[in-house]
Amino acid sequence: MRRVVVVVLDGMRRDLVGEATTPALVRFAGGATSFAAHRSMFPSATRVVSASFATGCTPARHELQGNTLALLENGRLVYHDAGHPDFLQHKRLATGRSLAVPTLAERLAPHGGMILFSNVSPGAAFAHDPDGHGYIYHRAGSFAPGRQRLEGAQALNIGQDAAGERRMAERFVSEVLVERKPALAILWMGEPDATQHLRPLGSPEHLAVLRQADANAGRVVEAVGRLRDKGDDVLLIVCSDHGHQTVSRIVDVEAELVAAGLKESRESGDVVTPTSGTSTLVYVHPDHAARIDAIGAFLASRDWIDKVVPPAELATVGQAPHHGLAFAISLKSEDAPNAFGVRGLSCESKPVAGKATHLHCGQHGGLAKYEQMPFLMIDGAGFAPGAASHAATSPIDLAPTILAHLRQPAEGTDGRGLQTR
Ligand SMILES: [Zn+2]
């Protein structure tokens, strides 16, 4: 049978794939096509990439525009954390739709179905299937089609730690790959991202978690080999969603706009600035649109800015002016090493009160070199073993690639199938 298996090592940088830390990935690359120019989305953030993976579309089309974002609700700009388990359920009530375009779960429901195991934020996991067409397993809740909640041993009761990651990988192999055999099986590991946010890149703790994540990927690669031995035609995609930069400085974008007189107060709804790590989305309420030019000029003059994408150019980065989105900004970066010799430093945008910042540790969200350096390796029909592709690819190409292997149409996606024959 034709099947697709996807393993995502959240936050794994392409330049950190190597024999010493990720021997299973290096071995896998020998029989797969590696994509040497693969990029993330913008923001380069897990919830955004999850929705782009699931739909094959840019944030402009699926509307999950940032890890945090704003929605115009009853004439007011309202801040939301898209990591919350109920965010897309709320968005459906507030705007009439969860994601604005169909997911792989919906497309494949009548064609063998989708099962996802995920250990990232609840909102990122549930972005794969907000309307309940497939099976989603997450520590915050596991759901069968119809969003029917699974209980007890059927649910995924694991921690966000090494033991939980390993248990999830082992259960994915035995239950999903061997027993249940959906058309699309996705294992989205929480590491190395979770540890990278809390420890310096290149530190001993970080290198240890790379080896753990690599071993879990290796478990799936070996299991897929056994499925092929039994005659299954498996497309195996092993990838990450974004890389990481080291945080060298924290910037309070909201406070700077207030101090400059461009936003009334931290709590005001005239301008709202939800952050995604090293990037920020700047929403301006339609009643205050006259202020847009002044805000753009102010942002462009700051020493903590790499790129300000203005309203007329949002489409160039896959964004759109939905809900008053005026600017997408990527914070300052430099290609310099951290204390452990790992390159890539960035400013981090200070999130709302109560949320952590990550000085000297890893972060992502912007357009800088290493956060835009996820890895992608694909093994199966249409992919030359051991080859390197320099094609421009991103997460929107994975849904069309998956659908092509399963002989399903990919109309309505923004990406393209990556098979070469
Ligand atoms: Zn991620």
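Excluded from the calculations below are hydrogen atoms, water molecules and symmetry mates; all remaining heavy atoms, backbone and side chain alike, are included. Atoms within a ligand are numbered from 1 in the order they appear, just like the ligands themselves.
Protein N/O/S atoms closer than 2.8 Å to the Zn ion (ligand 1), listed by chain and residue number, are Asp10 OD1, Asp10 OD2, Thr46 OG1, Asp241 OD2, His242 NE2.
Side-chain contact, Thr68 with Asp81: no donor N or O sits under 3.5 Å from an acceptor N or O. No side-chain donor from either of Lys350 and Thr275 sits under 3.5 Å from a side-chain acceptor of the other. A donor-acceptor contact closer than 3.5 angstrom links the side chains of Asp335 and Tyr370. Side-chain atoms of Thr55 and Arg61 form no donor-acceptor pair, as typed in the model, at a separation below 3.5 Å.
Residues meeting the salt bridge (Lys or Arg N to Asp or Glu O under 4.0 Å) test with Arg13, sequence neighbours left out: Asp15.
Without hydrogens or angle criteria, His206 side chain to Gly202 main chain gives a donor-acceptor distance under 3.5 Å.
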